[in-house]
Amino acid sequence: MKQVFLSGDEALAQGVYEEGLKVACSYPGTPATEIVEYLSRLPEVDAQWSVNEKVAFEVALASSIAGLRSMFSAKHVGLNVAMDSLMTAAYTGVGAGFVVVSADDPGMHSSQNEQDNRLLARIAKIPLLEPSSPSEAREFAKQAFQISEEFDLPVLIRITTRLAHTKENMEIAARKEIPQKEFKINIPKYVMVPGNAYKKHLELEQKLVRLKAYAEKSSLNRIELNDRKIGIIADSVAYLYAKEMYPSASFLKLGFVYPFPADKIKEFASQVQELYVIEELEPFIEEEVQRLGITAKAKHPSFRVGELRPELIPLIIEGKEKIEEPSTARKPVLCPGCQHQAVFSVLKKLDLTVTGDIGCYTLGALAPLNSLHTCLCMGSGITFFEGFRKGVGKNVVGVIGDSTFVHSGISGLINLAYNGTKGVILILDNGTTAMTGSQPHPGTGETSKGQKNRKLILEDICRAAGADNVDVINAYKAEELETLLRKRLAEDALSVVITRAKCVILLKREQKKHD
Amino acid sequence: MTDLKTVNILFCGTGGQGVLSAAEICGWAALYDGYHVKKSEVHGMAQRGGSVESHLRFGTLVYSPLIPKGEADFLLSFHPDEQARLVKYLKPSGKDLLPYLQQAETTVPDKKFINTYLLGALAKSLPIKEESWLQALALVFAGKRTAENKEVFLAGRNSHDLE
Ligand code: SF4
């Protein structure tokens with residue numbers, strides 16, 4: 001046993017690694033990125049950055065069906081991209097163990113929303129595990145494969161930014177090699193046409209009943225009886241905050257959260273005088289406790305927004321409302337010398353309406369630039385452009401980064417060409433997935449393991465998608481860019497302008513490597 | 001190791017100042033001394049200049065990854081604005097190490113080692129062995145410029161009490 005100091009992401013990765021993980025797929029997204037970064041360094045694991053989360057999910061699930069223990073990980077909104085696959089994966093089930101990791105972002109440290117993906121376990125009808133600490137992330141990850149194989153289902157492990165980016169010391173163990181399972185053709189199981197799917201849905205409902213019984217007995221749900229005046233049901237990091245502030249209270253710590261261990265909840269409720277539910281974001285456990293007809297105090301609805309902190313727990317216990325405190329933290333700004341600064345200055349000068357996307361360049365929306373006017377989700381820089389051309393007219397451009405374009409911009413571009421939309425899309429090509437810490441992507445040709453494969457040429461794919469003009473320009477040549485944009489905006493054509501300049505952080509990093 | 005009530009240290013500054021590596025070094029030093037350690041920070045945005053804070057807690061058994069407001073024993077700031085913003089986390093008897101920042105800025109020749117100096121100043125009040133500190137410094141600085149690092153650390157550690 002070796003002492004290490006690992007973050008929640010790394011510990012989770014270490015846990016699945018010890019259990020013989022063979023394939024891991026993801027797309028970079030804070031706070032999940034470090035999971036695949038960690039696994040990429042381990043030679044026994046085939047870890048990849050996929051084009052997007054839907055692709056990642058399906059490659060990982062199929063690897064599991066083909067007999068290899070596999071994992072898909074993503075940030076919460078990344079799982080949305082793979083929702084179509086997840087929902088039916090609960091029907092097909094798996095082959096070898098298959099773990100799905102959702103890294104949620106309460107408090108939206110670096111996300112566009114703060115959806116609570118615990119709820120997805122109920123929608124998809126799959127088991128939900130929630131570790132509280134990095135050492136638990138490792139332990140829960142180790143159990144997840146067994147549960148997945150026993151019930152023939154994907155297992156959802158939900159972590160949060162706080163856990164993902166907390167480090168803790170722990171002991172780790174050697175890896176077990178798990179023999180590959182043989183894939184056998186099984187059309188009723190793996191071909192989801194209506195007749196087969198109907199039977200699989202019936203089966204899934206039965207699995208949920210068995211899973212509930214399993215949750216009742218699972219060591220991941222633990223009653224800690226102490227002072228019985230206060231009994232607290234809590235999950236995730238909320239458990240640790242509550243434990244910190246009320247160390248002498250009694251606890252029902254939920255780790256195997258869904259299907260809910262209803263009997264255990266009832267048992268605990270009967271043993272304490274005042275029952276409280278402490279959880280971050282949505283009233284997921286609270287509503288279940290209510291459904292069971294148990295009286296429990298829970299947080300004021302104002303606490304459904306934002307991240308919990310230990311000092312907020314007494315307010316919840318006292319039934320108080322949350323007082324919103326405006327954040328005093330300094331916001332990050334574009335790095336000095338970043339190409340986005342140069343490009344957005346030109347867009348501002350041309351007084352364009354700019355439909356934006358997700359990446360460092362979203363900061364173009366901040367003062368004094370104020371030059372990015374929409375940002376919804378990955379790929380929306382291009383699709384929003386199409387809608388804006390319909391409503392706002394010609395004075396619009398769409399911007400998207402290189403990695404984001406490959407993730408989900410290509411289909412938007414095809415849609416523009418197919419539907420005869422004209423105008424200008426800018427691809428801000430900095431040669432990396434910058435915001436999440438410079439991960440490679442198909443446009444760089446390098447894999448997560450540093451292997452150099454075929455490089456996706458953005459110019460070629462834009463032409464193939466149907467762009468009439470594709471220009472590549474040095475992002476720092478402001479005057480040339482302005483002239484080019486004026487020309488392209490005046491034409492009745494679909495044009496893509498690729499502004500190219502390496503991310504300065506990546507450049508620095510590459511220089512360091514050379515030194 | 002004897003039983004130790006959790007020690008809470010809040011590190012703060014802005015992106016790129018070495019806040020995170022300072023907390024990392026302190027975390028490893030406490031780990032080498034056999035304590036239970038939790039270190040929590042939010043990072044992820046690659047860009048520079050944003051506020052950075054790291055909560056480091058160690059002791060016999062640590063629950064919350066975050067220091068409850070008003071419970072920090074030490075506040076180690078790399079930027080006066082961030083100190084002003086987060087001083088409310090300090091407990092009334094807590095130590096604010098801001099005065100050492102100025103001292104570090106005037107006495108440490110290489111800006112890269114400001115965090116090492118501040119850690120030296122912090123080390124005066126912590127139950128962590130010197131060899132654990134030095135081992136942690138060598139680890140996080142990847143064994144580079146070990147002698148200089150040790151010198152700056154000891155300068156911080158032997159500096160006059162300012163707080
Ligand atoms: S990380 Fe790269 S792309 Fe992002 S702001 Fe900095 S230089 Fe620009």
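Note: hydrogens, waters and symmetry copies are ignored here, and every other heavy atom, side chains too, is used. Here is the naming used below: chain letters follow the sequence lines, and residue numbers restart at 1 for every chain.
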Give a yes or no on whether [X] atom [atom1] has more than 12 heavy-atom contacts from other residues, nucleotides or ligands under 6.0 Å away.
{"X": "Glu151(B)", "atom1": "CD", "result": "no"}
{"X": "Lys5(B)", "atom1": "NZ", "result": "no"}
{"X": "Glu105(B)", "atom1": "CD", "result": "yes"}
{"X": "Glu318(A)", "atom1": "CD", "result": "yes"}
{"X": "Lys502(A)", "atom1": "NZ", "result": "no"}
{"X": "Lys150(B)", "atom1": "NZ", "result": "no"}

If I take atom [atom1] from residue [X] and atom [atom2] from residue [Y], how far apart are they, to the nearest 0.5 angstrom?
{"X": "Ser64(B)", "Y": "Lys243(A)", "atom1": "OG", "atom2": "NZ", "value": "13.0 Å"}
{"X": "Tyr32(B)", "Y": "Phe5(A)", "atom1": "OH", "atom2": "CZ", "value": "10.5 Å"}
{"X": "Arg85(B)", "Y": "Ser327(A)", "atom1": "CZ", "atom2": "OG", "value": "6.5 Å"}
{"X": "Lys167(A)", "Y": "Trp28(B)", "atom1": "NZ", "atom2": "CH2", "value": "7.0 Å"}

Kindly determine whether Arg330(A) and Glu82(B) satisfy side-chain contact (heavy atoms from CB on, under 4.5 Å), including the steps that lead there.
-> CA-CA 9 Å; Arg330(A) 288 170 187 241; Glu82(B) 295 299 309; 3.3 Å; yes

Test: Lys38(B) and Glu244(A) ion pair at under 4.0 Å =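 Glu244(A) and Lys38(B): not salt-bridged.
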
Chain B: which of Arg309(A), Lys331(A), Met245(A) shares the most heavy-atom pairs with it under 4.5 Å?
->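 Maximum pair count with chain B is reached by Arg309(A).
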
What residue in Cys338(A), Gly29(A), Ala329(A) has the most heavy-atom pairs under 4.5 Å with chain B?
->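 Ranked by heavy-atom pairs under 4.5 Å with chain B, first place is Ala329(A).
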
Closest non-hydrogen atom pair, [X] against [Y]:
{"X": "Asn169(A)", "Y": "Tyr35(B)", "answer": "ND2-O, 2.8 Å"}
{"X": "Ser40(B)", "Y": "Thr166(A)", "answer": "OG-OG1, 3.2 Å"}
{"X": "Leu66(B)", "Y": "Tyr241(A)", "answer": "CD1-OH, 3.4 Å"}
{"X": "Glu311(A)", "Y": "Pro68(B)", "answer": "OE1-CA, 3.5 Å"}

So what's closer than 4.5 Å to chain A heavy atoms on Leu86(B): side chain, backbone, both or neither?
->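 For Leu86(B), no heavy atom lies under 4.5 Å from chain A.
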
With a 4.5 angstrom heavy-atom cut-off, which part of Ser132(A) approaches chain B: side chain, backbone, both or neither?
->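 Ser132(A) has no heavy atom closer than 4.5 Å to chain B.
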
Based on non-hydrogen pairs under 4.5 Å, which of Leu31(B), Leu56(B), Asp81(B) is most in contact with chain A?
->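 It is Leu31(B).
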
